[in-house]
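Okay, so here's the structure we're looking at.
Source: prediction; values computed, not measured. Just so you know, residue 1 is the first one in the sequence shown, and it goes up from there.
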Amino acid sequence: MRKLFLLVVIVMAAITASAQEGIYLGGGISLWRNNDVDKTSFSITPDVGYNLSEKWAVGVELAYAHKGYDGEDAISTNAFALAPYARYSFYENKIVRLFLDMGFGFSTYKEKHAESVNGFEIGVKPGLAVKLNDNFSFITKVGFAGYRDDYYRGEENGFGVALDGENISIGIEYEF
């Protein structure tokens, strides 16, 4: 876990040091405490990409997620994921941009005292970017359409479309 975190920091530092126009960094974090079942969960999802043109970009999202139950049945789960994508922006004005992230992701997660589970997803995530200034944008992705099999997010296996509140990600993006 520490090695992956160190690798993410080194990659982001290298990209920042050699930043050129068109490169963007982003991502999100989450933290949740469920007092009813003594469960704490958090995730960090850094994202780096490159704008190929006004319409197309390519990028990759890295993810680390942890879930831990306290009390008598103390259980913890750690997950890692790598998800490259192609982003198509189909509408843009001076402030708002609508896009689709099309890609696939590979994940592995392990519950304490159990075998690790590898999974994947392939699909589309619709998104919205709101420009805050010349460099910063507020980014949200709402939903997922595609196929998942044992992917770390814990949703059911199979294919379909999910545009509910459980499939929202929110983050900030910095463009060089």
Same cluster for Val142 and Phe90 if Ile/Leu/Val/Met/Phe/Trp/Tyr side chains link at under 4.5 Å? yes
Around atom NZ of Lys110, are there more than 12 heavy atoms from other residues, nucleotides or ligands closer than 6.0 Å? yes
In terms of heavy-atom contacts, does CD1 of Ile29 have more than 12 from other residues, nucleotides or ligands at under 6.0 Å? no
Is the count of non-hydrogen atoms from other residues, nucleotides or ligands lying under 6.0 Å from Phe42 atom CZ greater than 12? yes
Under the ring pair (Phe, Tyr, Trp, His ring centres under 6.0 Å) criterion, do Phe80 and Tyr152 qualify, and how do the steps go? CA-CA 8 Å; Phe80 299 95; Tyr152 83 100; 9.6 Å; no
In short, Glu92 meets Arg97 closest at the heavy-atom pair OE1-CD, 3.7 Å
To check you understand the geometry: which heavy-atom pair defines the closest contact between Asp150 and Asn118, and what is its length? CB-O, 3.7 Å
Should Asn135 and Tyr174 be marked as a side chain to side chain contact (heavy atoms under 4.5 Å, CB included) after you check the CA-CA gap, both sets of side-chain angles, and the distance that decides it? CA-CA 5 Å; Asn135 297 99; Tyr174 179 80; 3.3 Å; yes
Which heavy atom of Glu54 sits nearest to which heavy atom of Ser89, and what is that distance? O-CB, 4.1 Å
Would you please test Tyr151 and Asn157 for side chain to side chain donor-acceptor pair (under 3.5 Å) and show each step? CA-CA 8 Å; Tyr151 200 61; Asn157 293 335; over 6 Å; no
What distance separates Ser41 OG from Leu31 CG, expressed to the nearest 0.5 Å? 7.5 Å
For the student: nearest non-hydrogen atoms of Ala129 and Ile139, plus distance: CB-CD1, 3.4 Å
Tell me the side-chain hydrogen bond (donor to acceptor under 3.5 Å, both in side chains) pairs involving residues 79-88, sequence neighbours left out? Tyr24-Tyr85, Asp47-Tyr85, Arg87-Asp101, Arg87-Glu173
In the single-linkage hydrophobic clustering (I, L, V, M, F, W, Y; side-chain heavy atoms under 4.5 Å), do Met102 and Val58 co-cluster? yes
Non-hydrogen side-chain atoms of Arg33 and Asp38 separated by less than 4.5 Å: yes
Measuring from atom OG1 of Thr40 to atom CH2 of Trp32, what distance do you get when rounded to the nearest 0.5 angstrom? 11.5 Å
Enter the distance from Tyr69:OH to Lys39:NZ here, rounded to the nearest 0.5 Å. 4.0 Å
One should read off an interatomic distance between Ile23 CD1 and Glu175 CD, to the nearest 0.5 angstrom, of 10.0 Å
Please give me the minimum heavy-atom distance between Ser169 and Thr140, naming the atom from each residue. O-OG1, 2.9 Å
Any chain of hydrophobic side-chain contacts (each under 4.5 Å) joining Val60 to Phe99? no
Hydrophobic clustering (ILVMFWY, side-chain heavy atoms < 4.5 Å, transitive) - are Val48 and Leu52 grouped together? yes
His66 side, atom NE2; Ile44 side, atom CD1 - distance, nearest 0.5 Å: 14.0 Å
Heavy-atom closest pair, residues Asn78 and Tyr64: OD1-OH, 2.6 Å
Are Tyr147 and Phe104 linked, directly or through other ILVMFWY residues, by side chains that come within less than 4.5 angstrom of each other? yes
